[in-house]
Amino acid sequence: MQIAKWMSRILTGSATAALLALAVVAYGGTSDYPGSSQGTPMAMAPGDRGEPATALDAATQIEATEAPDPEESASAGQEYSCDTCAASQTSSREQGQVRAQSRRAVVGIGGSAGKGGGSPAELFGEIQRAQPEDTTFRDYSRLPFIATAVDPVSTFSLDVDRTSYLLALTWTKNHYNVEPDSVRAEEWVNAFDYDYPLPNDSGAYGITTAASGHPLEANLHLVRIAFQAPQLPDDTPLNVTLVLDASGSMASGNRVAIAREAAETIRQSLSARDRIAVVHFTTRVIDAYTVEHTTPDDEDIVSSIARLNPHETTNVQAGLNLGVRLADAARRERPDAFNYIILMSDGVANVDVTDPFGILGSSPETDSLNPLRLITIGVGLGNYNDYLLEQLAQHGNGWYRYLNDTEQARETFSRENWLALSTPFADQTRAQVTWDPGVVKAWRILGYENRVTPDHTFEEAHKEFAEIYSTAATTVFYEVELHGDDGAMKGGDAPVTLGSVEVRWVDPSSGEGRSQRADIAGRVDSRFDSGDDSLFRLGAIVALAADRYSALSAEHENAEPDAASIHGDLSTLREELRLLRLELSGTEAYRDFRFLLGELTDFAAERAGSSDDSQ
């Protein structure tokens, strides 16, 4: 009866569109991502393979009825200050609206499927829901274009985190929309392996640069700068302090199981020369479960990890304070060891100090030459504080990961991966790019909004600058506007030098400062879709998609995002990604991202349709 009533309502509008909408909801449309496949994740960074959802087929997505016009140049950059962006804004927005309306007509119900009685979502199961409840993110507004005549220098901390991407992939596979505020473009880019060659010098980065045309704006170019750390021997003992969240919120889903599995895998990955301690915290530290540093095979350590269970409220400060005290004692006893504090939590601090800087300030670092490195491991969907965990790691001289299930916990901290993760190559790592004003007219960094830093701080070593571990790679993309075809631009087939980059860091073993320089050069005469470097194109698509999607957050009060233009850009990027299928479709990472980009594009279409309705 409900089906008959719903079909009767929609058939009064457009019979063709309604029947197609019903078919799409019932059968899921076409699948870009074969979720049952277990292909090798060649393009995903080690230890970060996403897992298929177990409810509805997470790979199911609805293809747009029209492929984007290859001649279109949709741009989400209406706020940009570069001259060449302005000309195409009006036409791009109109084209984006046409695509959004066409997509919405096929879907029929857009984002409101679950709101009305007798809707397809109620009849056939939920297609896509709003974001999980009680999630905390920080909106870092996208950075604008800057004219080189005003400031040719860009300074930022390197980054090896990739949690933002893994959260987005997990959300979409569990049928949630991705919160635009959760998107940190640099973490999406750095979630992929671009197969950079390892440097021959174990004391230096491998720095590579490349350039190409822009897939969204004909008058812009893309520049990639990559920093590849060398592979180092595993010849330094470790002091590891596990700080485990045993609060009531960890009872949700499989959070405790994931944290327990990760802790046990870390224990098993340690060698006899390493030492490990365990702290459990809830409203207070659970003293009966605390084990001070001992050998990894100690039965008390094994028992303490196995006893992790949820209890009361969440006092992250109490857990970390004790963890720091134990780690500091181990550091003084074993000064030649590297020291890691590993916090496993959903980040829902609600007792005593609950902000990251207050928590860190309650246990200040006392030895900058042999620092305590804070690693944060996030678990859980909903009731999750991404901001706390990300900032604790960034300002605690460590890095941040998200684990979706127990298999991912085992993979991330397997012996092979752990050896790289626990061997630091560089501390307090930052880079400074200086563009040539004679070649580059304006520039804009994609992502790194909470990693950029004033230029003068490049001379200083700060704890919040990144720790880079053995074999880790950091990739950054810039959008640049170049001057005309005269003068320095007459390079023919030869690479054009666009500027220079310098990277500085502190050697973890000696405490000495290091630096390295390289020219930024690339082919500026090549079209984006004609390049033979498929991994360059993949990284660029990832960076642009994350950047454009994050613009769905209102960056100014009372300012409505241009969802139609954003949808136009994402549709174009989706087609560019499709062109890489022959080279990359055999990798699980490519299929994951193709599925995710399809979901982002659909959500942007729904936002565009909702905006048009409200107007």
Side-chain angles (χ1 to χ4, degrees), residues 238-250 255-256 259-260 262-264 266-267 270 274-296 298-335 337-368 370-379 385 388-389 391-393 395-400 422 463:
L238 303 176
N239 296 326
V240 174
T241 307
L242 300 177
V243 180
L244 307 180
D245 187 344
S247 66
S249 61
M250 292 287 287
R255 300 179 192 209
V256 166
R260 190 188 294 130
E264 175 61 16
I266 290 171
R267 185 194 69 79
L270 298 176
D274 301 324
R275 297 294 179 265
I276 183 172
V278 181
V279 174
H280 295 236
F281 68 91
T282 174
T283 308
R284 62 192 66 81
V285 170
I286 305 177
D287 294 327
Y289 296 173
T290 299
V291 182
E292 297 186 7
H293 286 85
T294 184
T295 57
D298 191 299
E299 291 184 1
D300 289 341
I301 292 289
V302 177
S303 174
S304 179
I305 291 173
R307 295 172 73 182
L308 177 63
N309 276 300
H311 295 276
E312 305 172 67
T313 54
T314 313
N315 192 335
V316 174
Q317 180 189 17
L320 278 180
N321 282 352
L322 179 56
V324 168
R325 289 199 298 272
L326 295 180
D328 185 53
R331 173 172 57 180
R332 285 185 276 108
E333 182 179 338
R334 289 158 40 95
F338 290 135
N339 301 277
Y340 287 94
I341 300 172
I342 304 177
L343 170 66
M344 299 188 189
S345 175
D346 54 24
V348 187
N350 51 26
V351 176
D352 288 346
V353 179
T354 59
D355 73 276
F357 303 105
I359 292 172
L360 291 171
S362 64
S363 296
E365 174 60 275
T366 59
D367 186 354
S368 60
N370 187 15
L372 304 179
R373 308 167 193 279
L374 176 58
I375 299 170
T376 57
I377 306 299
V379 294
N385 193 330
L388 177 73
L389 297 172
Q391 288 294 290
L392 284 175
H395 294 272
N397 203 50
W399 38 266
Y400 171 35
S422 62
K463 186 168 59 176

Any side-chain heavy atom of [X] sitting closer than 4.5 Å to one from [Y]?
X: Leu389; Y: Ile377; value: no
X: Ile359; Y: Leu388; value: yes
X: Leu392; Y: Leu320; value: yes
X: Asn370; Y: Asn339; value: yes
X: Ser303; Y: Arg307; value: yes
X: Val278; Y: Ile305; value: yes
X: Leu343; Y: Phe281; value: yes
X: Ile341; Y: Leu242; value: no

Verify the distance criterion only: is there a donor paired with an acceptor across the side chains of [X] and [Y] at less than 3.5 Å?
X: Ser247; Y: His311; value: no
X: Arg334; Y: Asn239; value: yes
X: His293; Y: Thr241; value: yes

- Message: Please list all pairs meeting salt bridge (Lys or Arg N to Asp or Glu O under 4.0 Å) that have one or both residues in residues 338-347, counting only residues at least two apart or in different chains.
- Response: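 Listed by first then second residue: Arg255-Asp346.
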
- Task: Say whether, by atom type as modelled, one donor and one acceptor occur between the side chain of Asp274 and the main chain of Leu238 under 3.5 angstrom.
- Result: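 Present.
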
Taking all atoms of both residues into account, what is the closest heavy-atom pair of [X] and [Y], and its distance?
X: Val291; Y: Ser304; value: CG2-CB, 3.9 Å
X: Ala246; Y: Ile286; value: CB-CD1, 4.1 Å
X: Val256; Y: Pro310; value: CG2-CD, 3.7 Å
X: Ser249; Y: Val348; value: OG-CB, 4.2 Å

Drop me the distance from [X]'s [atom1] to [Y]'s [atom2], to the nearest 0.5 angstrom.
X: Asp245; Y: Thr282; atom1: CG; atom2: OG1; value: 7.5 Å
X: Tyr400; Y: Gln391; atom1: OH; atom2: CD; value: 10.5 Å
X: Asn397; Y: Tyr340; atom1: CG; atom2: OH; value: 9.0 Å

- Do other residues, nucleotides or ligands put more than 12 heavy atoms under 6.0 Å from the CD atom of Glu292?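 Open.
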
- Query: When you check the gap from the basic side-chain N to the acidic O, do Glu312 and Arg284 get nearer than 4.0 Å?
  - Reply: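 Between Arg284 and Glu312 there is a salt bridge, with a charged N closer than 4.0 Å to a carboxylate O.
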
- Message: Salt bridge or not between Arg325 and Asp328? Use side-chain N to carboxylate O under 4.0 Å.
- Response: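 The answer is no: the pair does not qualify as a salt bridge.
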
